[in-house]
Amino acid sequence: MRLLWADFVEWPRLDRYQTLHGYTKGLGTWPEWREKALSFLRARVAEGQKKASWRPDRSALVEIFLWEKDVDAAWAEATAGGCSEELWMTLAAKREKKHPEDALTVYQNRIEPTIARTNNEAYREAMKFLRKVRELMLRLGREAEFEGFVRSLRTTHRLKRNWIKLLDEAGWGR
């Protein structure tokens with residue numbers, strides 16, 4: 001166990017957590033080791049927050065809770081301390097059905113930075129996010145808000161011809 005724990009401490013990632021789980025579950029000691037691992041990760045994030053040179057996030061905790069199928073705990077960790085972009089997208093997709101407001105916020109927050117990359121691939125990616133935003137806003141009965149949001153994007157980025165062309169092709173925000 002000392003070796004497994006040392007490995008986890010050195011590389012605190014999901015795969016090492018899964019190794020701990022596999023070994024300790026058979027011994028009947030998983031609950032104690034689980035708590036120890038989660039406490040270690042939280043302490044590591046807290047320690048990292050004290051250092052100005054490192055911007056810690058809670059990606060490892062989010063991954064672990066997603067692996068454990070506890071989407072609410074994963075969401076709580078992500079909103080408390082951030083996570084990788086890929087994990088935000090995974091969380092948004094998992095929360096769309098029961099928590100559309102959460103997913104909506106994630107998708108909306110990705111549009112401006114994506115457009116700011118100023119290339120056609122980025123504009124197509126932003127349109128995917130915008131389609132998700134539209135879908136969720138329609139579900140929530142916020143059609144007028146969607147139109148206002150698109151008009152705002154159109155105004156802010158009016159000089160980006162290819163972006164405007166994509167909005168025109170979709171028939172949005174005219």
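Scope of the values below: all heavy atoms of this structure, side chains included, with no hydrogens, waters or symmetry mates.
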Indicate the atoms forming the closest heavy-atom contact of [X] with [Y], along with that distance.
X	Y	answer
A60	P12	CB-O, 3.7 Å
V62	A74	CG2-O, 3.6 Å
W163	A126	CZ3-CB, 3.6 Å
F149	L130	CE2-CD1, 3.7 Å

Got a salt bridge between [X] and [Y], using NZ or NE/NH1/NH2 to carboxylate O under 4.0 Å?
X	Y	result
E63	R13	no
E68	R34	yes
E10	R16	no

Any heavy-atom pair between the side chains of [Y] and [X] that's under 4.5 Å?
X	Y	answer
M137	Q108	yes
C83	R58	no
E35	S39	yes
K128	K132	no
V106	L91	no

Answer yes or no: is there a donor N or O on one side and an acceptor on the other, between the side chain of [X] and the main chain of [Y], under 3.5 Å?
X	Y	value
T19	D15	yes
S59	S84	yes
R142	R134	no

Within this structure, what is the [atom1]-[atom2] distance for the pair [X] and [Y], rounded to the nearest 0.5 Å?
X	Y	atom1	atom2	value
H157	I111	NE2	CD1	9.5 Å
L87	W75	CG	CH2	12.0 Å
N119	I115	CG	CD1	11.5 Å
E85	T90	CD	OG1	10.5 Å
R124	N162	CZ	CG	9.0 Å
L153	K160	CG	NZ	10.5 Å

For a side-chain contact (heavy atoms from CB on, under 4.5 Å) check, start with the C-alpha distance between R154 and R158, then their side-chain angles and the critical distance, and finish with the verdict. CA-CA 5 Å; R154 183 180 283 275; R158 67 184 173 279; 5.8 Å; no
So Y107 and E96, side-chain hydrogen bond (donor to acceptor under 3.5 Å, both in side chains) or not? Walk me through it. CA-CA 10 Å; Y107 295 133; E96 279 181 22; 2.5 Å; yes
Do other residues, nucleotides or ligands put more than 12 heavy atoms under 6.0 Å from the NZ atom of K94? no
Heavy-atom neighbours of E169 CD exceed 12 at 6.0 Å: yes
How does the hydrophobic cluster around L38 look, that is, which other residues are in it when side-chain heavy atoms under 4.5 Å mark a link? M1, L4, W5, F8, V9, L14, Y17, L20, Y23, L27, W30, W33, F40, L41, L61, I64, F65, W67
Consider only side-chain N and O atoms of T105 and E101, and report whether a donor and an acceptor are under 3.5 Å apart. no
Taking salt bridge (Lys or Arg N to Asp or Glu O under 4.0 Å) as the test, write out the residues that go with R95, two or more places apart. D72, D102
Qualifying residues under salt bridge (Lys or Arg N to Asp or Glu O under 4.0 Å), relative to E125, sequence neighbours excluded: R117
Stepwise, does the side-chain contact (heavy atoms from CB on, under 4.5 Å) test hold for E135 with F146? CA-CA 10 Å; E135 174 188 319; F146 175 75; over 6 Å; no
